[in-house]
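Here the structure is a predicted model, which is why all the values come from computation and not from measurement.
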Protein chains: 2
Amino acid sequence: MAKATDLDDVMRDGILRGTMEPGSWLRMEELKARFAVGFSPIREALSRLVGEGLVEFEANRGFRVKGLSRADLLDIAVTRTAVEGAALRRSIALGDDRWEASVVGAMHRYRRTAAVAFDTDNGLSQWEAAHDELHAALIGACGSPRLMMLQHRLQEQHLRYRRLIVVPHVGAEAHIAEHEQLVEYALARDLDAAVAHIERHMMITVDALSNAEF
Amino acid sequence: MAKATDLDDVMRDGILRGTMEPGSWLRMEELKARFAVGFSPIREALSRLVGEGLVEFEANRGFRVKGLSRADLLDIAVTRTAVEGAALRRSIALGDDRWEASVVGAMHRYRRTAAVAFDTDNGLSQWEAAHDELHAALIGACGSPRLMMLQHRLQEQHLRYRRLIVVPHVGAEAHIAEHEQLVEYALARDLDAAVAHIERHMMITVDALSNAEF
DNA sequence: ATTATACTCATTTTCGAAAATCATTGATAT
DNA sequence: ATATCAATGATTTTCGAAAATGAGTATAAT
């Protein structure tokens with residue numbers, strides 16, 4: 001079935017989508033049966049996910065999906081603020097026209113997907129994907145592989161929490177306005193305004209989520 | 001010999017100390033013989049190190065020690081600036097007396113080890129260790145597990161470059177003065193001065209290293 | 001001479017039987 | 001009754017034989 005090299009992709013997907021429950025143990029025999037492979041590829045893929053922070057390992061007890069908590073959600077936000085703030089600062093300072101073009105393009109797609117987010121079945125996840133791509137585009141010119149990689153991983157981890165709450169129909173407009181403003185600052189190369197805005201933005205997301213049950 | 005769970009520690013050590021050459025392939029049979037274990041624990045440990053950014057993996061070609069380059073050294077510095085800057089800002093804002101005490105203590109040990117760094121055989125690595133501990137102590141009150149973990153990993157990665165150049169006997173005084181100043185700002189809770197100082201500090205280290213041959 | 005194809009060989013990668021581990025249960029002694 | 005220790009069982013973890021892979025080499029075809 002699934003090639004062994006892509007096993008971590010499949011499992012990452014399961015963890016991010018909540019199919020594999022946060023905090024639950026990952027029993028070897030079960031995974032072996034589920035994915036129709038031997039022990040080695042499974043352990044290897046899980047070890048990679050440990051490094052990514054999605055899975056925890058306890059010697060002789062096995063692997064488990066990393067749990068969710070308010071403290072962890074806050075920590076993700078704090079770290080995202082540090083990483084994305086610095087990356088955005090550099091990106092705005094270094095970005096050329098190609099960067100501007102990619103931001104404009106991503107913003108366009110973001111607007112479009114937001115407009116139909118509640119119409120179709122997977123409209124919401126389309127919007128979410130466009131949102132994440134917009135953020136990635138904004139820091140795309142920062143020139144630091146590590147900062148971009150960290151942003152990507154933190155976005156993934158954040159995704160697990162976003163999926164837990166129902167996005168209110170009404171909030172959409174404010175959400176869009178937030179990003180219009182952010183992109184405007186970025187393209188105007190207003191460094192301080194953009195960074196201040198994105199830092200505030202991170203915390204708003206936490207506030208919205210911290211009322212949720214989990 | 002070495003318990004299988006600690007295999008990654010042993011290999012990490014080898015990579016950081018340069019025993020395992022940067023860019024070189026890690027042949028399975030060789031590692032199997034060297035550590036007297038089977039394939040599985042080796043692959044697992046290496047997979048963990050992939051997540052930490054010390055090892056690269058290419059499907060069906062195997063694992064290799066991550067190479068060194070000027071671009072990579074600069075990227076480490078950029079990322080360290082982002083992570084340690086933000087962490088220090090939070091640490092200064094949130095730190096209590098216990099934090100102050102740990103900083104004072106770490107600074108004391110740093111001074112002591114610096115004084116005898118060139119006297120004994122392993123004096124230099126003692127000094128290096130104390131230096132890293134001082135930086136860890138400074139951000140110790142930031143309250144973010146992720147920022148502290150990232151700082152630790154980046155410090156490790158930076159270590160591989162530090163080992164490449166010979167620390168000049170003369171530079172020691174300036175190095176100590178830098179840290180005296182930094183600690184002073186931190187304990188005085190002068191947030192902006194401390195953060196500005198540490199950001200400059202990161203770049204100084206890069207400059208010193210970028211003249212080295214590699 | 002150059003491209004295409006089959007064959008080697010060194011190496012990675014997978015597999016499941018077997019060993020190791022830990023929590024639990026049951027037996028025994030105080 | 002409670003503590004101590006041995007047996008049990010469920011599960012993780014290791015191991016090396018065997019399969020899969022890809023790079024290199026030889027052979028054949030145009």
Side-chain angles (χ1 to χ4, degrees), chain A residues 1-16 18-69 149 160, chain B residues 1-16 18-69 149 160:
Chain A
M1 197 199 126
K3 281 285 306 274
T5 313
D6 310 326
L7 247 189
D8 49 352
D9 292 331
V10 180
M11 293 205 275
R12 184 184 302 108
D13 215 66
I15 293 172
L16 294 179
T19 314
M20 294 166 141
E21 213 183 335
S24 65
W25 288 103
L26 296 164
R27 262 174 261 100
M28 283 299 155
E29 286 294 347
E30 193 198 311
L31 296 176
K32 188 167 161 328
R34 168 115 76 108
F35 299 112
V37 288
F39 294 114
S40 321
I42 292 173
R43 306 195 108 239
E44 230 172 284
L46 286 173
S47 297
R48 277 191 285 265
L49 294 178
V50 167
E52 290 183 27
L54 292 173
V55 168
E56 282 170 326
F57 173 74
E58 226 170 307
N60 289 319
R61 296 193 38 69
F63 299 86
R64 69 159 92 196
V65 181
K66 212 188 164 205
L68 302 179
S69 71
M149 184 264 276
R160 301 210 297 154
Chain B
M1 194 200 127
K3 280 285 305 276
T5 313
D6 310 325
L7 246 189
D8 49 352
D9 292 332
V10 181
M11 294 206 273
R12 184 184 302 107
D13 215 65
I15 292 172
L16 295 179
T19 312
M20 294 167 142
E21 211 183 336
S24 66
W25 288 104
L26 296 165
R27 261 175 263 100
M28 284 297 155
E29 286 295 345
E30 192 198 312
L31 296 176
K32 189 168 161 329
R34 168 116 75 108
F35 299 112
V37 289
F39 294 115
S40 321
I42 293 173
R43 307 196 105 238
E44 230 172 284
L46 286 173
S47 297
R48 277 191 285 264
L49 294 178
V50 168
E52 290 183 26
L54 291 173
V55 168
E56 283 170 324
F57 173 73
E58 226 170 305
N60 289 318
R61 295 192 39 67
F63 299 86
R64 67 159 92 195
V65 181
K66 211 186 166 205
L68 303 179
S69 70
M149 183 264 277
R160 302 211 295 154

S.K.: Measure from the side-chain heavy atoms of R43(A) and tell me the nearest of dT14(C), dT12(D), dT13(D).
M.R.: dT13(D)

S.K.: May I have the distance from E44(B) (atom CD) to dC15(C) (atom C1'), rounded to whole angstrom?
M.R.: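 Atom CD in E44(B) sits about 15 Å away from atom C1' in dC15(C).
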
S.K.: Let me know the distance between CZ of F39(A) and C1' of dA17(D), rounded to the nearest Å.
M.R.: 17 Å

S.K.: Quick one: K32(A) NZ to dT13(D) C1', roughly how many Å, whole number?
M.R.: 14 Å

S.K.: Validate the cation-pi geometry between R43(B) and F57(B): distance from NZ or CZ to the six-membered ring centre under 6.0 Å, angle to the ring axis within 45°.
M.R.: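 Output no; distance or angle outside limits.
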
S.K.: Report which part of the nucleic acid L26(B) touches: base, sugar-phosphate, or nothing (heavy-atom distance under 4.0 Å, all strands).
M.R.: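 Sugar-phosphate, backbone atoms only, no base.
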
S.K.: In whole angstrom, what separates R64(A)'s CZ from dT12(D)'s P?
M.R.: 12 Å

S.K.: Exactly one of L26(A), V55(A), T19(A), L49(A) should register a side chain to side chain contact (heavy atoms under 4.5 Å, CB included) with V65(A). Which one does?
M.R.: L26(A)

S.K.: Whole angstrom is fine here: how far is it from CE in M28(B) over to P in dC15(D)?
M.R.: 14 Å

S.K.: R61(A) side chain: which of dA23(D), dA23(C), dC15(C) is closest?
M.R.: dA23(C)

S.K.: Quick one: which of dC15(D), dT13(D), dC15(C) gets closest to the side chain of V37(B)?
M.R.: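 Within the option list, the nearest is dC15(D).
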
S.K.: Can you tell me if N60(A) touches the phosphate of dC22(C), counting only side-chain N or O atoms and a distance under 4.0 Å to OP1 or OP2?
M.R.: yes

S.K.: Rounded to whole angstrom units, what separation is found between the CZ atom of F57(B) and the P atom of dT11(C)?
M.R.: 17 Å

S.K.: Relative to the 5' end of DNA chain C, which residue comes earlier, A59(A) or P41(A), by the nucleotide with the nearest heavy atom?
M.R.: P41(A)

S.K.: Within the side chain of R160(A), is there an N or O that forms a donor-acceptor pair under 3.5 Å with the backbone of L54(A)?
M.R.: no

S.K.: With a 4.5 Å cut-off on side-chain heavy atoms, are E56(A) and V50(A) touching?
M.R.: no

S.K.: Expressed in angstrom and rounded to an integer, what is the separation of L31(B) atom CG from dT11(C) atom C1'?
M.R.: 13 Å

S.K.: Distance to the ring centre below 6.0 angstrom and angle to the axis at most 45 degrees; does that hold for R27(A) and F63(A)?
M.R.: no

S.K.: Where the side chain of R27(A) is defined as all heavy atoms beyond and including C-beta, which of dC15(C), dT12(D), dT13(D) is the nearest nucleotide?
M.R.: dT12(D)

S.K.: In this structure, how many angstroms lie between the P atom of dT12(C) and the CD atom of E29(B), rounded?
M.R.: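 It is 8 Å, rounded to the nearest whole Å.
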
